[in-house]
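For reference, the structure discussed in these notes is given below.
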Number of protein chains: 2
Amino acid sequence: MRAMMMECPLKIADILTYAAEVHPAGEVITAAPGGPERMDYKTLGARIARLAAALLARGVRPGDRVATLAFNNRRHFELYYAISGIGAVCHTLNPRLSPTDLAYIVEDAGDCLLFHDPHLAPLAAALPMPPGTTIAMDEMGLDSLVDAAEPLAAWPDFAETDAAGLCYTSGTTGAPKGALYSHRSTVLHALSLAVSLPKVFQERRRILPVVPLFHVNAWGLPYAAPLAGASLVMPGPDLSGPALFDLMDQTGVYSAWGVPTVWFGLLDEIAARGRCPTGFGDVVIGGSAAPPAMIARFEALGVNVCHAWGMTEMSPVGTVCHTPPQDDGAPEAARLHRKARQGRRLFGVELKIVDEAGENLPHNGRAAGELRARGNTVISAYHGRAATTDGSFDEGWFTTGDVASIDADGFLAIEDRTKDMIKSGGEWISSIALENAAAGAPGVATCAAIAIPDARWGERPLLVVVPADGFDEPGLRAHLLGALAKWQVPERIVCVDALPLTATGKVSKRTLRDKHAAGEL
Amino acid sequence: MRAMMMECPLKIADILTYAAEVHPAGEVITAAPGGPERMDYKTLGARIARLAAALLARGVRPGDRVATLAFNNRRHFELYYAISGIGAVCHTLNPRLSPTDLAYIVEDAGDCLLFHDPHLAPLAAALPMPPGTTIAMDEMGLDSLVDAAEPLAAWPDFAETDAAGLCYTSGTTGAPKGALYSHRSTVLHALSLAVSLPKVFQERRRILPVVPLFHVNAWGLPYAAPLAGASLVMPGPDLSGPALFDLMDQTGVYSAWGVPTVWFGLLDEIAARGRCPTGFGDVVIGGSAAPPAMIARFEALGVNVCHAWGMTEMSPVGTVCHTPPQDDGAPEAARLHRKARQGRRLFGVELKIVDEAGENLPHNGRAAGELRARGNTVISAYHGRAATTDGSFDEGWFTTGDVASIDADGFLAIEDRTKDMIKSGGEWISSIALENAAAGAPGVATCAAIAIPDARWGERPLLVVVPADGFDEPGLRAHLLGALAKWQVPERIVCVDALPLTATGKVSKRTLRDKHAAGEL
């Protein structure tokens with residue numbers, strides 16, 4: 001029996017219109033040499049309607065891919081809405097990728113127009129774009145388009161399942177593959193994310209996406225923040241501890257979102273200045289597992305840690321972790337233990353863990369298996385590839401490539417990436433568990449564990465450490481023996497100056513494995 | 001260009017499954033003679049899956065209408081989810097309607113099964129249901145069905161546009177008409193409502209729907225609260241000030257939702273005891289306009305007032321009103337003035353005001369016109385009636401029958417119901433403005449303004465007052481002359497012991513007009 005309700009397509013532009021009308025005083029604030037620059041949602045609503053008209057005048061049509069090559073700033077936010085608003089596809093490029101990888105991605109996507117930060121002009125020029133199709137995001141480029149245009153009379157209608165955004169995976173497991181988001185998936189993701197973190201997504205809150213806008217929609221913040229009336233603080237390209245501290249302090253950021261690597265710098269700056277940035281109350285850590293020692297450091301400062309997990313293929317947020325009511329009054333250690341898990345699923349994201357035969361495993365916090373996901377915010381296939389020929393899909397579920405457990409309260413814990421697990425003597429060692437144990441030892445700045453071939457055990461762990469003051473290998477080994485089973489403790493520990501990072505700021509274990517194979521460690 | 005995302009139907013049962021898994025410690029708490037009874041969402045998830053299986057075993061099929069005749073309690077909540085979860089339609093009946101009206105509605109809806117509160121058995125027996133199709137919501141009735149059933153293996157799939165709920169308008173303007181909600185409209189309404197009130201829709205919060213579950217889904221609370229992990233406190237049939245105070249005090253209700261009439265009783269009880277119920281921090285007032293004097297009384301107690309507006313035809317919430325950031329630091333009077341407006345639209349609800357020619361009016365806080373609404377949570381037609389033959393729809397918009405203005409910050413103000421406006425000498429007098437002015441005078445408990453025929457002016461206002469201590473007609477008249485233009489002040493003021501209420505607790509102006517015509521005042 002069909003209901004008798006209006007059926008209006010969910011559209012990203014409706015978030016902008018809503019913010020401009022209902023939250024006119026909310027702002028996008030961007031770091032700039034002369035101090036943060038501000039523009040409110042009401043002004044942005046009008047400006048973006050002109051930018052959209054300018055894109056139409058340039059000949060951009062529904063379904064066309066328009067690329068951005070930029071860091072986090074207000075013009076990038078404007079392009080998100082203007083491009084998708086007219087039914088085109090906003091394709092965010094990662095400036096940290098090599099020109100070769102970028103050229104592959106631009107051609108695979110078939111981009112027809114490219115907007116870039118002014119200082120990225122040389123990189124933009126190296127990409128295979130036709131002449132006259134690259135535009136700088138500055139006064140001379142993007143702004144002059146806006147100034148010359150009349151605002152759109154109304155945002156056009158189209159199907160909510162139409163494409164709105166395109167983001168390529170970082171390609172750690174092969175050629176980069178595109179995730180092609182819809183208006184429906186993006187709007188539902190924004191709603192579910194906001195509902196899952198009500199203390200963050202409110203009016204009067206200022207939210208800092210350290211996670212780049214070129215990396216899976218900056219975890220959905222450009223949509224969820226204006227929807228809730230929260231302001232966005234855009235850091236630009238400088239993500240150093242001092243730069244982040246100053247920006248947060250000047251703008252009163254409440255909640256800051258990013259990968260663990262950036263937080264080491266901020267924590268050091270906080271330690272150096274002996275205080276937190278004004279108003280800082282919440283940090284969302286994702287992209288890779290937050291070391292328990294990092295969680296404890298933030299919490300000791302009075303900053304609530306929300307551990308999050310997601311994937312490019314999931315729009316991206318799958319779970320967020322904050323203390324549930326049933327933990328109220330629990331000992332600090334128990335609370336921190338729970339916070340080290342990746343948290344509970346967003347509404348609309350279904351998760352299951354399966355054994356090697358594909359059978360469901362119980363959610364008891366102990367059973368670990370391959371993690372699968374399903375929902376409106378999960379891709380059904382990669383751009384231009386059939387799901388059936390791809391090992392990433394199984395009977396309607398996306399196979400994440402993670403090994404995980406889920407506890408009785410619904411808290412997910414990523415045990416490891418499937419490919420990062422170390423199989424020693426027929427038993428699995430989690431590289432993350434090993435890293436977490438080592439990160440808690442004195443004198444360990446950061447570290448990574450990888451598998452190395454071993455004639456007797458098949459594989460053995462190798463621990464790569466960036467040492468800090470007080471590092472002492474026998475002490476670390478003793479610490480590990482106290483935290484892990486003896487057979488899980490690596491025989492080989494090597495020290496390096498820095499860990500190699502991927503273009504999205506994660507530790508590149510592939511590079512570590514390659515280097516080890518080449519004898520470079 | 002179609003995106004490459006999974007497309008999973010939005011389903012009400014997914015809210016239940018989510019709450020059971022992610023918010024297992026959230027509760028539905030019901031007033032009971034021996035003290036409040038509690039059941040958590042995890043337990044409810046399992047129980048409702050058995051109830052759903054029992055309904056299937058009784059022969060209920062997708063699209064079948066299953067009626068409820070009950071007040072706010074846990075079993076009513078269970079039926080909401082069990083009925084819609086199997087694709088049937090939960091049809092809530094208002095026990096305060098006359099048996100004649102109820103019989104009409106039951107036949108119009110074609111209900112196949114009826115669940116009722118035990119004490120409503122006589123009313124249930126008076127309705128035109130076939131023998132053996134009425135079931136009491138008690139241990140012997142509903143519980144024995146649950147006990148005998150095995151839980152559903154999985155909630156079935158169907159289109160998100162399928163019908164899930166049915167609620168009839170109160171019929172103040174003619175025969176009752178049914179609003180037939182979908183799974184899509186209900187889930188989107190829950191998400192948007194939760195996002196619009198983040199301080200209410202959180203874990204650890206307890207929310208009291210005084211608004212009945214038989215009245216437009218209790219304003220969406222049975223869906224939005226579990227989605228956000230908040231607990232629900234169900235008051236049963238006793239909505240007196242002392243009963244509400246005790247229940248709120250015992251259970252720590254943070255946010256209470258209802259029509260203005262019930263709050264008079266609670267405010268009197270608070271005055272009598274000299275304190276608020278423990279934890280009470282927020283009240284949501286809707287159904288009819290909250291008198292500014294009531295808003296001021298709550299705010300003086302430190303209870304935040306959220307004025308809300310909606311309609312049966314809108315799922316129902318259209319707007320909610322709380323202080324926007326741009327009012328921070330404004331004088332108290334300005335803040336209260338804004339709070340007397342009905343507030344800002346929910347995401348997904350579009351509003352416009354039009355003049356008599358149907359042309360859009362500006363949102364400047366002064367221009368007032370007929371209010372129209374559009375969106376996924378708005379009906380496209382009444383159950384069993386074509387939209388084209390109904391004056392309630394115009395070019396894809398629902399015509400609300402309200403006269404309203406919208407200010408530059410997006411705040412709606414309902415000036416009046418079109419049919420309640422008083423046209424005197426060619427000029428309109430808002431009955432609500434007149435009532436608000438009178439309610440602020442000493443010695444006025446409650447009041448209502450209606451139009452009476454007048455030979456010279458066409459219509460003139462009549463003010464009906466329920467006097468309290470200190471009432472004095474010349475004093476009231478002087479007060480009105482200070483607040484309104486002279487021609488807006490009524491010549492006739494009459495005193496009554498109580499105002500007649502509709503079955504949904506609003507003042508029945510139709511009854512007042514009828515009584516006046518019959519010379520009964």
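Here is how names work: the chains are called A, B, and so on, in the same order as the sequence lines, proteins then strands, and each is numbered from 1. Atom set for the values below is all heavy atoms of this structure, side chains included, hydrogens, waters and symmetry mates excluded.
For A230(B), no part lies under 4.5 angstrom from a heavy atom of chain A. Interface remark: Y382(A) contributes backbone atoms only to the contact with chain B (heavy atom separation under 4.5 Å). Looking at L346(B), the atoms closer than 4.5 Å to chain A (heavy atoms on both sides) all sit in the backbone: N, CA, C or O. Interface remark: P62(A) contributes no atoms to any contact with chain B (heavy atom separation under 4.5 Å). Interface remark: L166(A) contributes no atoms to any contact with chain B (heavy atom separation under 4.5 Å). Heavy atoms closer than 4.5 Å to chain A are found in the backbone of F201(B), but not in its side chain.
In terms of non-hydrogen atom pairs under 4.5 Å with chain B, the most contact-rich of P198(A), G410(A), G63(A), A228(A) is P198(A). For chain A, the option among Q202(B), Q326(B), R204(B) with the highest count of heavy-atom pairs below 4.5 Å is R204(B).
Between K199(A) and E203(B) there is no salt bridge, since no side-chain N of the basic residue sits under 4.0 Å from a carboxylate O of the acidic one. Ion pair E160(A)/R2(B) not flagged as a salt bridge, since none of the NZ, NE, NH1 or NH2 atoms sits closer than 4.0 Å to an Asp/Glu carboxylate oxygen.
Chain B is approached within less than 4.5 Å, heavy atom to heavy atom, by H322(A), T323(A), P324(A) from residues 317-324 of chain A, ordered by number. Scanning residues 13-23 of chain B against chain A with a 4.5 Å non-hydrogen threshold yields D14(B), I15(B), T17(B), Y18(B), E21(B), V22(B), H23(B), sorted by number.
In this structure the side chain of Y181(A) never reaches within 4.5 angstrom of the side chain of M4(B), judged on heavy atoms. Side-chain atoms of M1(A) and H383(B), non-hydrogen and from C-beta on, do get closer than 4.5 Å to each other.
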